Amino acid sequence: MSSSSNLTFSVQPGGQLTGSIRVPGDKSISHRSIMLGSLAEGVTHVSGFLEGEDSLATLQAFRNMGVKIDGPENGTVVIHGVGMHGLRAPESDLDLGNSGTSMRLLSGLLAGQEFDSTLVGDSSLSSRPMRRVTGPLAQMGAQIQANEDGTAPLKIKGGIQLKGIDYPMPVASAQVKSSLLLAGLYADGETSVTEPAPTRDHTERMLNGFGYQVKRDGSRISLSGGGKLTACDIDVPADISSAAFFLVGATIAPDSDLVLEHVGMNPTRDGVINILRLMGADIEVNNQRDVGGEPVADLRVRSTKLNGIRIPEDQVPLAIDEFPSIFIAAACAEGETVLTGAEELRVKESDRIQVMADGLLVLGIDAQATEDGIRIQGGQLSGGEVESHGDHRIAMSFAMAALRADGAIKINDCRNVDTSFPGFDSLASSVGLNITAMDEE
Ligand code: S3P
């Protein structure tokens, strides 16, 4: 099987989703478990680790910097921490594939090391904006060379003593916040980041779990450099971003009744539930519990009719990765759904506003891209052939659309589904989606 071939999904129309499943582990938490486990003193045991290409790219990067990491085996990873100053210079460039989180968080972490390093990625990652991290890191004293337009490869100079800064973040980005906090571990004095809106706080929670003090004062998050991390055990919940496809699928497909087990319910990530409920979705949150500092629950979702809404802008950062699937819900809703304040969607793994609008139009839905969002008029989805542009979340969202389409949907360029959701097609077909993955030369 050549990796340059086109992996397509072909999804037959109709069906319903029933049963009980656990989707793979949270991507954001999986990345951070490798990073902090590697820098800790002692051995960190991780369970529920996402064995997707993105988090595996982070894992490989730390192996290339001399960290002994066992696994992953059935979601278990054992990290033999080397301490804050124990990483070694990698022998070659660190290849982070499609993973923006790896590149942005590692830029901060590596800016404080004794050695030089170079971060590279695939064509999508190499066209994504990196100035949002290299800019503030430069203010901390970091020397990072990028292309003229601010894109990767990033050449990071080692052996520089960073200094803490007070950074008011212009965009609500957990990746920028986390990058600066990780650089701050190595900086003189205090590093603080002020968020324009709440973003996912897994870095802060996990630093606390590793015994590192992080302070929050309103929207200002700060830490002081020079401390140490102590190994701990991490149970990674199922990824709400992967659960989102099934929340939408079971909502739009008549006669569905589906349970999603052990889903991470961090309040900085639950925008998809809030938005779907505003549209009328029937989502029950059961067995709420706390697992290693992160809230977790089982979600039961049953089909309902949806109404179009104006999506509240304060929900945008809390649902930032779930909009492709929310747009499918909007296509199946009665009336118009309007999203604004979401220009960030244009610089994700693809331009998610344009790519979704194009695909929805192919499927007969009136969808108009705007500068910072989209307007979608609910209607009858038809069959057709759509392009995912190598974006995992676009591919999985259009797969769910077939549940309500009146013809088959073919989706091109689906290989990157493996970055966040290996086994998506078989798990989805086990609960009722009529999906076939095919390799085309
Ligand atoms: C992530 C933060 C989000 C999200 C990405 C993962 C993280 O990006 O889109 O998939 O793990 O910190 P931004 O913080 O840039 O919005």
Side-chain angles (χ1 to χ4, degrees), residues 24-36 49-50 52-55 57-58 96-109 121 124-125 127-136 150 152 167 169-183 193-207 219 221 234 236-237 239-245 264 266 268-272 294 313-326 341-353 372 391-394 396-397 416-417 419-421:
D26 189 277
K27 184 149 75 72
S28 295
I29 297 176
S30 295
H31 282 299
R32 288 156 171 83
S33 70
I34 298 290
M35 295 178 191
L36 300 191
F49 182 80
L50 169 65
E53 285 170 3
D54 278 12
S55 37
T58 292
L96 304 171
N98 194 244
S99 177
T101 307
S102 309
M103 187 167 281
R104 297 207 178 103
L105 271 58
L106 276 179
S107 309
L109 194 157
S124 155
L125 183 53
S127 63
R128 294 181 65 187
M130 292 297 149
R131 269 197 200 116
R132 54 182 60 200
V133 287
T134 58
Y167 188 65
M169 246 189 333
V171 276
S173 164
Q175 293 181 347
V176 175
K177 171 178 65 176
S178 302
S179 182
L180 301 189
L181 292 177
L182 292 172
V193 183
T194 302
E195 305 186 291
T199 67
R200 64 191 68 191
D201 63 358
H202 306 300
T203 303
E204 299 92 299
R205 284 176 189 250
M206 203 183 284
L207 280 167
S219 56
I221 301 113
I234 297 170
V236 182
D239 198 329
I240 191 168
S241 298
S242 297
F245 307 108
N266 184 311
T268 59
R269 296 284 299 280
D270 65 0
V272 63
E294 291 279 351
E313 287 197 6
D314 64 0
Q315 293 299 311
V316 170
L318 312 182
I320 194 67
D321 291 337
E322 288 67 75
F323 283 104
S325 56
I326 291 169
E343 50 279 281
E344 273 296 296
L345 293 180
R346 292 200 178 270
V347 290
K348 292 295 178 187
E349 286 84 328
S350 70
D351 175 344
R352 287 184 173 159
I353 292 176
D372 66 341
D391 186 327
H392 54 140
R393 300 200 198 281
I394 303 272
M396 291 183 272
S397 299
N416 281 340
V417 164
T419 61
S420 68
F421 202 147

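Atoms within each ligand, like the ligands themselves, are counted from 1 in listed order. In this text, all values refer to a predicted model and were calculated from it rather than measured experimentally.
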(request) Over all heavy atoms of both residues, which pair between Val316 and Gly341 is shortest? Give the atoms and the distance, please. (result)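 That closest heavy-atom pairing would be CG1-O, 3.7 Å.
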Could you find the nearest protein heavy atom to [atom] and give me its residue, atom name and distance?
atom: atom 14 (O) of ligand 1; value: Ala174 N, 2.6 Å
atom: atom 16 (O) of ligand 1; value: Lys348 NZ, 3.1 Å
atom: atom 6 (C) of ligand 1; value: Thr101 OG1, 3.4 Å
atom: atom 10 (O) of ligand 1; value: Asp321 OD2, 2.8 Å
atom: atom 11 (O) of ligand 1; value: Ser28 OG, 2.7 Å

(request) To the nearest 0.5 angstrom, please state how far the CD atom of Gln175 sits from the CE atom of Met103. (result)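 Interatomic distance, Gln175 CD to Met103 CE, rounded to 0.5 Å: 11.0 Å.
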(message) I'd like to know if the side chain of Ser420 pairs up with that of His392 as donor and acceptor (distance under 3.5 Å, no hydrogens or angles considered).
(response) yes
(request) Could you tell me whether some N/O pair between Gln175 and ligand 1 is separated by less than 3.5 angstrom? (result)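 Yes, since at least one N or O of Gln175 sits under 3.5 Å from an N or O of ligand 1.
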Has the side chain of [X] got a donor or acceptor atom that lies under 3.5 Å from a matching backbone atom of [Y]?
X: Asp26; Y: Asp239; result: no
X: Thr58; Y: Ser102; result: no
X: Arg128; Y: Ser124; result: no

(request) Could you check which of Arg32, Glu344, Glu322 puts a non-hydrogen atom nearest to atom 12 (O) of ligand 1? (result) Arg32
(message) When you measure from the heavy atoms of Ile320 to every atom of ligand 1, does any distance fall below 4.0 Å?
(response) yes
(message) If the threshold is 4.0 Å, N to carboxylate O, is there a salt bridge linking Arg269 and Glu322?
(response) no
(request) Could you tell me whether Arg200 approaches ligand 1 through its side chain, its backbone, both or neither, with non-hydrogen atoms closer than 4.0 Å? (result)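 Arg200 to ligand 1: side-chain contact only, backbone stays beyond 4.0 Å.
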(request) Enumerate the atoms of ligand 1 whose separation from the nearest heavy atom of Ser173 is less than 4.0 angstrom. (result) 13 (P), 14 (O), 15 (O)
